[in-house]
J.: 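Here's a structure for you.
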There are 2 protein chains.
Amino acid sequence: MNNFYSISDMADMFNVSTRTIRYYEEIGLLKPERNQNGYRIYGKKEKIQLQLIFRGKKYGFSLDEIKDMILLFDEDPTGREQLKKTIEYGERKVQEVTQSIEELMSLKNEMEKFLGEFKKMLADLEENKV
Amino acid sequence: MNNFYSISDMADMFNVSTRTIRYYEEIGLLKPERNQNGYRIYGKKEKIQLQLIFRGKKYGFSLDEIKDMILLFDEDPTGREQLKKTIEYGERKVQEVTQSIEELMSLKNEMEKFLGEFKKMLADLEENKV
DNA sequence: ATTGAAGTTTACGTTAACGTAAATGTTAAA
DNA sequence: TTTAACATTTACGTTAACGTAAACTTCAAT
């Protein structure tokens with residue numbers, strides 16, 4: 001039940017280099033514990049954080065933006081004001097994502113329109129071939 | 001009806017630098033006509049291509065990938081084989097976009113779940129405040 | 001005990017996507 | 001006609017996100 005990993009475990013898990021993982025620590029995205037000899041120890045928390053990072057990167061967020069989001073969900077917002085700020089920020093982000101979805105859907109529509117025309121062209125060609 | 005633009009017209013239009021536009025030409029994304037003195041002339045076609053470029057960038061495509069897509073829709077696929085290839089490629093891209101949409105929607109769900117918890121916490125705090 | 005794989009830090013190298021500057025030509029307005 | 005704003009090419013500079021290598025330590029297996 002208690003799962004800990006080395007740095008190359010994590011690298012394999014996410015299919016990246018150890019350098020990449022160390023780099024993320026270098027810029028403050030991760031802060032894994034160390035054992036007696038200074039070896040990094042990764043647990044469930046770091047695993048989740050890395051998932052967040054790679055998902056974020058996939059959608060064009062810079063590591064700097066991702067850092068903001070991680071820090072946000074990292075420090076538990078105990079104070080009322082902090083909690084409010086967190087909620088506000090979160091709602092803005094949700095709004096951004098919502099818009100991204102809409103734009104992607106319109107992009108998809110355009111592409112399918114294009115495809116439709118091409119398919120029609122192909123069908124015409126096939127017909128005249130006979 | 002016939003609309004032509006200078007490079008800084010385009011730069012203003014898309015709110016980027018002229019260097020950016022020249023760079024896109026440098027790597028083969030654009031090939032505007034030139035006038036007598038070598039000045040670049042931009043028309044409707046380039047306008048559309050630039051829209052494609054910036055939309056692509058917005059969703060994390062590299063300029064290299066974008067180049068592929070532009071070249072694809074640039075040369076008209078007159079030959080049957082070329083037409084087929086174009087359709088295949090297009091369908092793959094549509095598939096990619098579809099998956100992106102799905103993942104973004106699940107991301108949105110997660111974020112909203114998070115937000116829900118935070119909001120509940122805040123509500124509790126407000127209550128105990130009384 | 002030795003060897004090889006994996007860990008550490010430090011530090012320089014690389015690529016994409018431009019920024020910036022120099023040197024020069026063109027155009028529009030005063 | 002001169003001046004300011006805009007155009008051109010050439011070329012070096014910059015930043016993010018790692019790659020790569022050196023010099024060293026630690027661990028696991030033979």
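Each chain gets a letter, A, B and so on, in the order its sequence line appears, and its residues count up from 1.
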J.: What is the distance, to the nearest angstrom, from the CG atom on B:Asp9 to the C1' atom on D:dA5?
T.: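 Value for this atom pair: 13 Å.
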J.: At a heavy-atom distance below 4.0 Å, what parts of residues 20-43 of chain A sit against DNA chain C?
T.: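 The stretch gives A:Arg22, A:Arg34, A:Gly38, A:Tyr39, A:Arg40 as the residues lying under 4.0 Å from the strand, ordered by number.
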J.: Apply side-chain hydrogen bond (donor to acceptor under 3.5 Å, both in side chains) to residues B:Ser106 and B:Asn109 and explain how you reach the verdict.
T.: CA-CA 5 Å; B:Ser106 97; B:Asn109 276 342; over 6 Å; no
J.: First contact, last contact: which nucleotides of DNA chain C are these for chain B, 5' to 3', heavy-atom distance under 4.0 Å?
T.: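 Contact boundaries, 5' end first: C:dA17 to C:dT27.
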J.: Do A:Asn3 and A:Lys44 have side chains that approach each other closer than 4.5 Å (heavy atoms only, starting at C-beta)?
T.: no
J.: For the ring pair A:Phe54 and A:Phe14, is the centre-to-centre distance below 6.0 Å?
T.: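 Centroid separation for A:Phe54 and A:Phe14: below 6.0 Å.
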J.: Between B:Gln95 and B:Gln99, is any side-chain donor less than 3.5 angstrom from a side-chain acceptor?
T.: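 Checked: B:Gln95/B:Gln99 side chains show no N/O donor-acceptor pair below 3.5 Å.
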J.: Under 4.5 Å between any side-chain heavy atoms of B:Glu46 and B:Tyr5, yes or no?
T.: no
J.: Taking B:Lys57 for its side chain and B:Leu63 for its backbone only, find out whether a donor-acceptor pair lies under 3.5 Å.
T.: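 No: the side chain of B:Lys57 does not pair with the backbone of B:Leu63.
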J.: Can we say A:Lys119 and A:Glu112 salt-bridge, meaning some charged N sits less than 4.0 Å from an Asp/Glu carboxylate O?
T.: no
J.: Hey, are A:Arg34 and A:Glu25 close enough for a salt bridge, meaning a charged N less than 4.0 Å from a carboxylate O?
T.: yes
